[in-house]
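Notes follow the structure.
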Amino acid sequence: MNQDEERRSITVTRDFDAPPSILFRAHSAPEHVRRWFGPKGWPLTLCEMDFRVGGKWRFAMTGPDGKQNPAFGGEYLDIVPDQRIVYDNAFELPGAEKMVTTVTFEPLPGDRTRLVARTVFANLAMHATHVGAGIESGINSGLDQLADVVAELRGAQG
């Protein structure tokens, strides 16, 4: 990673008490993604996913005021089952710039997984706007909810 790219990115890391296959499953099916994506209190009320390389996805969250926010989405750029998902993402607004997110699932001892979500923004101004709007805390809130979904999926697996 070059210095410019590093300055335009954020990385969030979280360890989960489940194998990579369960984390991957929680990211690949809309019925699971709807339950954890985004900050708590901002449900994902639009969730369209064509989960394959080259497939499109489209999400929108509804705020506590009951209004659905602008939709955003992109394309799945790379998918390696149980290891990695790469996608681009932009708001559906004229001239909106894209960010690219790479989510990796690293196996840890004890049937655990380290999730690393790295987002690279198109430029420093976009990075500043999203960081200023609280994207990192929103991602962390979503990961808190993901932990609940993962625990449920793990329990169902036995």
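In what follows, every heavy atom counts, from backbone to side chain, and hydrogens, waters and symmetry copies are set aside.
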Would you call the rings of Tyr87 and Trp57 parallel, tilted or perpendicular, where under 30° means parallel and over 60° means perpendicular?
perpendicular
Using the six-membered ring wherever Trp is involved, compare the ring planes of Phe59 and Phe72 and label them parallel, tilted or perpendicular (cut-offs 30° and 60°).
perpendicular
Check ion pair Glu75-Lys98 (N to O, under 4.0 angstrom)
no
Verify, without hydrogens or angle tests, whether [X] (side chain) and [Y] (backbone) share a donor-acceptor contact under 3.5 angstrom.
X: Ser141; Y: Lys40; result: yes
X: Arg58; Y: Gly73; result: no
X: Arg14; Y: Asn140; result: yes
X: Gln145; Y: Gly38; result: yes
X: Ser21; Y: Asp82; result: no

When you group the ILVMFWY residues by side-chain heavy-atom contacts below 4.5 Å and let the links chain together, are [Y] and [X] in the same group?
X: Val53; Y: Met49; result: yes
X: Trp36; Y: Trp42; result: yes
X: Leu143; Y: Leu23; result: yes
X: Leu115; Y: Leu108; result: no
X: Val131; Y: Phe91; result: yes

Under the side-chain contact (heavy atoms from CB on, under 4.5 Å) rule, what do Phe51 and Val33 come out as? Steps first, then yes or no, please.
CA-CA 12 Å; Phe51 191 71; Val33 173; over 6 Å; no
With side-chain contact (heavy atoms from CB on, under 4.5 Å) as the criterion, how do His127 and Arg7 come out once you've worked through the C-alpha distance, each side chain's angles and the decisive distance to 0.1 Å?
CA-CA 8 Å; His127 175 273; Arg7 291 177 43 216; over 6 Å; no
In this structure, are over 12 heavy atoms from other groups packed under 6.0 Å from Arg112 atom CZ?
yes
Minimum-distance pair of heavy atoms, taken over all atoms of [X] and [Y]:
X: Thr113; Y: Ala18; result: OG1-O, 2.6 Å
X: Leu44; Y: Phe37; result: CD2-CB, 3.8 Å
X: Phe121; Y: Ser9; result: CD1-CA, 4.4 Å
X: Thr45; Y: Met61; result: OG1-C, 4.0 Å

Partner set under side chain to side chain donor-acceptor pair (under 3.5 Å) for Glu48, not counting sequence neighbours:
none
In chain order, what residues pass the side chain to side chain donor-acceptor pair (under 3.5 Å) check against Thr101, with sequence neighbours excluded?
Thr119
What's the verdict on side-chain contact (heavy atoms from CB on, under 4.5 Å) for Ile79 and Phe24, showing C-alpha distance, side-chain angles and the deciding distance?
CA-CA 10 Å; Ile79 297 172; Phe24 184 80; 3.7 Å; yes
[atom1]-[atom2] distance between [X] and [Y], expressed to the nearest 0.5 angstrom:
X: Gln68; Y: Thr62; atom1: CD; atom2: OG1; answer: 4.5 Å
X: Asn123; Y: Thr129; atom1: CG; atom2: OG1; answer: 8.5 Å
X: His27; Y: Ile22; atom1: NE2; atom2: CD1; answer: 13.5 Å
X: Ile85; Y: Leu77; atom1: CD1; atom2: CG; answer: 11.5 Å
X: Asp148; Y: Leu153; atom1: CG; atom2: CG; answer: 11.0 Å
X: Ile10; Y: Glu136; atom1: CD1; atom2: CD; answer: 5.5 Å

Would you sort out whether His32 and Glu152 count as a side-chain contact (heavy atoms from CB on, under 4.5 Å), showing the intermediate values?
CA-CA 10 Å; His32 302 311; Glu152 185 181 300; over 6 Å; no
